[in-house]
Amino acid sequence: MKLYNTLTRQLEDITPLDGKTIRMYSCGPTIYDHSHIGNMSSFIFTDTLRRVLTASGSSVQHIMNFTDVDDKTIKRAAGNYDEMEPMAALAKLTEKYERIFLTDMKAVGNDMAVITFTKATEHIADMQKLVQQLHKDGFAYVADDGVYFSIEAYKKSGKRYGQLADVTTGSTSEARIQNDEYDKESVHDFALWKTQKDGEPAWDFELDGHDLKGRPGWHIECSAMSSRELGQPFDIHTGGVDLIFPHHENEIAQSTAGQNDPIYAKVFAHNEHLMVDGKKMSKSLGNFYTIHDIQEKGLDPLAFRVLVLQAHYRGPANFSWVNLEAAQNRLQDLRALAALRWQPRAVAHDSGTEALEDIPAELANILADDLNTPQAMAYLSRVAAQLLAVHIEKDMVDHFETMLRGIDDLLGLNLSAVQDITDEQKELIAQREQARAKKDWQSSDKLRDQLAAQDVGLQDHPHGVIWFPLR
RNA sequence: GGCACGGUGGCCGAGGAGUUAGGCAAGGGUCUGCAAAACCCUGUACGCCGGUGCAAAUCCGGUCCGUGCCUCCA
């Protein structure tokens, strides 16, 4: 497939560096609170990318990290569980939000089984090793409050800082420099390791005779975990656009300093932000939503997936409740399509229903072009309209099922999970048809309402009634 | 201020020099006891100003607006 690479600012063919497996690392959540829908849209992008890469014939090794130690987690843990030891409080907090995160991820259709999750706190030794190596090679220095990476030294070694975004050459605000409280040599230097402050969780660390008991910096976490799990260079690094600088830039610097190979990850793929009512989500604006909020309004988290897939990952998508309802309607239509699997009938043959199994292939083809999910959704809607108009025949059920699974493999909409209704419900539909035949409208309407209350919707087509799941 | 990404019909959104997606909502119609069903039809849109083309929403230049990043936010 072709994918846009932030490093080169162009579309590139993705083929495994090792010829077999695409190794992909995604910056995961900081588990100090509920993930918001913006985070989720980013992970829907990542999940869909993995699906399409897989469909294009590569095996994919997908790593996602949990940032379970950083300023935010530490602060929140101390606030929530002030009676506990810092380390225990941190674990308690992050375990809670990890669970919620995994639940939300499943709810929006992301395939959790194929992701290997790594935690920062389980890779402290790897991080320390990397810091030690950087120090030994002259790229890190010890300051009062921790260990810093020297961008100066990195540049002097012949490497380029600013491969993703050349921020340092811009006019950085002087105010920032003056307000800087850290004891670092240059404003742009960043912390590799932070020494312990009162009440903070900390790990023993000795470097060059200094006792640096403390915790890792944010950027080093991803460098250490990615190289531990995937080696270096690996194929694709994903994240939201906000991570381009400084996070990913710093990862590149840390991971390539002193290395012969200047490549950390071959391709960086970044998704644009999800906007809410045209604005960036923030707690102060009161437009900060979670998957839980969507569920509370009686809307389906998978409708949120549809909303995300309707937009291209490199453009900003706009979330609003009206738009989510529109997406929910669209999802319902796709589920009506899926429900045909349980209600085949003999109808006049129609050319549109023939090559059912080619449909996922066409979908994959569309998606292989820089993950063009909006085009894919448009195609799917056309297919759905066509098939709903003609139904499917009994001998097509197997092909139809294969088609649904193929669509799900690519888009994660769980269409093949649409189950048959019960015999009782089928009986109610039959009774309604009889009532209609007898023009007993009162009874037929009552039966329709009764079915709707059981989340079974009805479409009266010229060639007969079709039921579909309302949720 | 620097850098980046956008501005498409009521809304969401692709596309990307001539044939002009898709969805949601709306209006009209057919069918119907009804429509909350189905089907048909309708809407000619691409911020603004220039330029290059036979031809521009699509390329180029400028400009305005929005959004993001500029040290730990997906």
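Within every chain, numbering begins at 1; the chains are lettered A, B, ... in the order of the sequence lines, protein sequences first and strands thereafter. Keep in mind it's a predicted model, so treat the numbers as computed, not measured.
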>> Using the C1' atom as the point on both nucleotides, what is the distance between B:U8 and B:G1, in whole Å?
In response: 31 Å
>> Does B:A14 have OP1 or OP2 under 4.0 Å away from a side-chain N or O of A:Gln375?
In response: no
>> Under 4.0 Å, counting only non-hydrogen atoms across every strand here, what does A:Arg382 touch: a base, just sugar-phosphate, or nothing?
In response: sugar-phosphate
> Starting at CG of A:Asp47 and ending at C1' of B:A74, how long is that distance when rounded to a whole Å?
Replying inline: 15 Å
> Under 3.5 Å, is there a donor-acceptor pair linking the side chains of A:Asn5 and A:Glu12?
Replying inline: yes
> Which whole number of Å gives the distance between the P atom of B:G51 and that of B:C24?
Replying inline: 42 Å
> Taking the same atom, C1', in B:U20 and in B:U32, what whole-Å distance lies between them?
Replying inline: 36 Å
>> Please confirm whether the shortest side-chain N or O distance from A:Lys280 to OP1 or OP2 of B:U67 is below 4.0 Å.
In response: no
> Counting side-chain heavy atoms from C-beta on, which of B:A35, B:G13, B:G22 comes nearest to A:Arg330?
Replying inline: B:G22
>> Base, sugar-phosphate or nothing for A:Asp189? Non-hydrogen atoms, less than 4.0 Å.
In response: base
> Will you find, in the side chains of A:His312 and A:Gln375, an N or O donor that is under 3.5 Å from an N or O acceptor?
Replying inline: no
>> If I pick the C1' atom on B:G10 and the same atom on B:C46, what distance separates them, to the nearest angstrom?
In response: 16 Å
>> Counting only Watson-Crick pairs (N1-N3 plus N6-O4 or O6-N4) and G-U wobbles (N1-O2, O6-N3), all under 3.5 Å, who is the partner of B:G43?
In response: none
> Heavy atoms under 4.0 Å, any strand shown: does A:Met281 hit a base, just sugar-phosphate, or nothing?
Replying inline: base
> With a 3.5 Å cut-off and no angle check, do the side chains of A:Ser35 and A:Asp104 form a donor-acceptor pair?
Replying inline: no
>> Please classify the nucleic acid contact of A:Lys72 as base, sugar-phosphate, or nothing, using heavy-atom distances under 4.0 Å.
In response: sugar-phosphate
>> Whether the A:Glu122 and A:Thr118 side chains hold a donor-acceptor pair (N or O, under 3.5 Å, no angle test) is what I'd like checked.
In response: no
>> Ignoring hydrogens, what is the shortest heavy-atom contact between A:Gly240 and A:His270? Give both atom names and the distance.
In response: O-CD2, 3.6 Å
> To the side chain of A:Pro246, which of B:A74, B:A37, B:C70 is closest?
Replying inline: B:C70
> Considering every strand shown, what is the Watson-Crick or G-U wobble mate of B:U19 when both distances are under 3.5 Å?
Replying inline: none
> Taking the side chain of A:Arg436 as heavy atoms from C-beta outward, which of B:C73, B:G22, B:A35 is closest to it?
Replying inline: B:A35
>> Less than 3.5 Å apart, any donor N or O on the side chain of A:Ser443 or A:Asp445 sitting next to an acceptor on the other?
In response: no
> So which nucleotide does B:C48 pair with, by the Watson-Crick or G-U wobble rule with both distances under 3.5 Å?
Replying inline: B:G62
> Checking all strands, does A:Asp33 fall into the base, sugar-phosphate, or nothing category for heavy-atom contacts under 4.0 angstrom?
Replying inline: nothing
> Could one point to a donor on the side chain of A:Asp445 or the base of B:G33 with an acceptor on the other under 3.5 Å away?
Replying inline: yes
> Within the structure shown, what part of the strands sits under 4.0 Å from A:His247 by heavy-atom distance: base, sugar-phosphate, or nothing?
Replying inline: nothing
> Does B:G2 have a Watson-Crick or wobble partner in any strand here, with both distances under 3.5 angstrom, and which is it?
Replying inline: B:C69
> If you look at every strand shown and take non-hydrogen atoms under 4.0 Å, does A:His36 touch a base, only sugar-phosphate, or nothing?
Replying inline: base
>> We want to know whether A:Glu249 and A:Gln163 form a side-chain donor-acceptor pair, criterion being a heavy-atom distance below 3.5 angstrom.
In response: no
>> Say we look at B:G15 and B:A74: how far apart would their P atoms be, to the nearest angstrom?
In response: 27 Å
> Taking the side chain of A:Phe245 as its heavy atoms from C-beta onward, which of B:C69, B:C12, B:C34 lies nearest to it?
Replying inline: B:C69
> Looking only at side chains, do A:Glu251 and A:Tyr264 share a donor and an acceptor under 3.5 Å apart?
Replying inline: yes
>> With a 3.5 Å limit on both atom pairs, tell me what B:A25 is paired to, counting Watson-Crick and G-U wobble, or say none.
In response: none
>> Taking the P atom in each of B:C54 and B:A21, what is the distance between them to the nearest angstrom?
In response: 27 Å
> Which is true for A:Met40 with a 4.0 Å heavy-atom rule: it touches a base, it touches only sugar-phosphate, or it touches nothing?
Replying inline: nothing
> Taking the same atom, C1', in B:G9 and in B:C59, what whole-Å distance lies between them?
Replying inline: 24 Å
Are any protein N/O atoms closer than 3.5 Å to N/O atoms in nucleotides 4-11 of chain B? If there are, list each pair with its distance.
unit_1 : atom_1 : unit_2   : atom_2 : d
B:C11  : O2'    : A:Asn323 : ND2    : 3.2

> Among side-chain atoms of A:Tyr25 and A:Asp235, is any donor-acceptor pair under 3.5 angstrom?
Replying inline: no
> Which part of the nucleic acid, if any, lies within contact of A:Ala378, taking any heavy atom under 4.0 Å across all strands shown: a base, the sugar-phosphate backbone alone, or nothing?
Replying inline: base
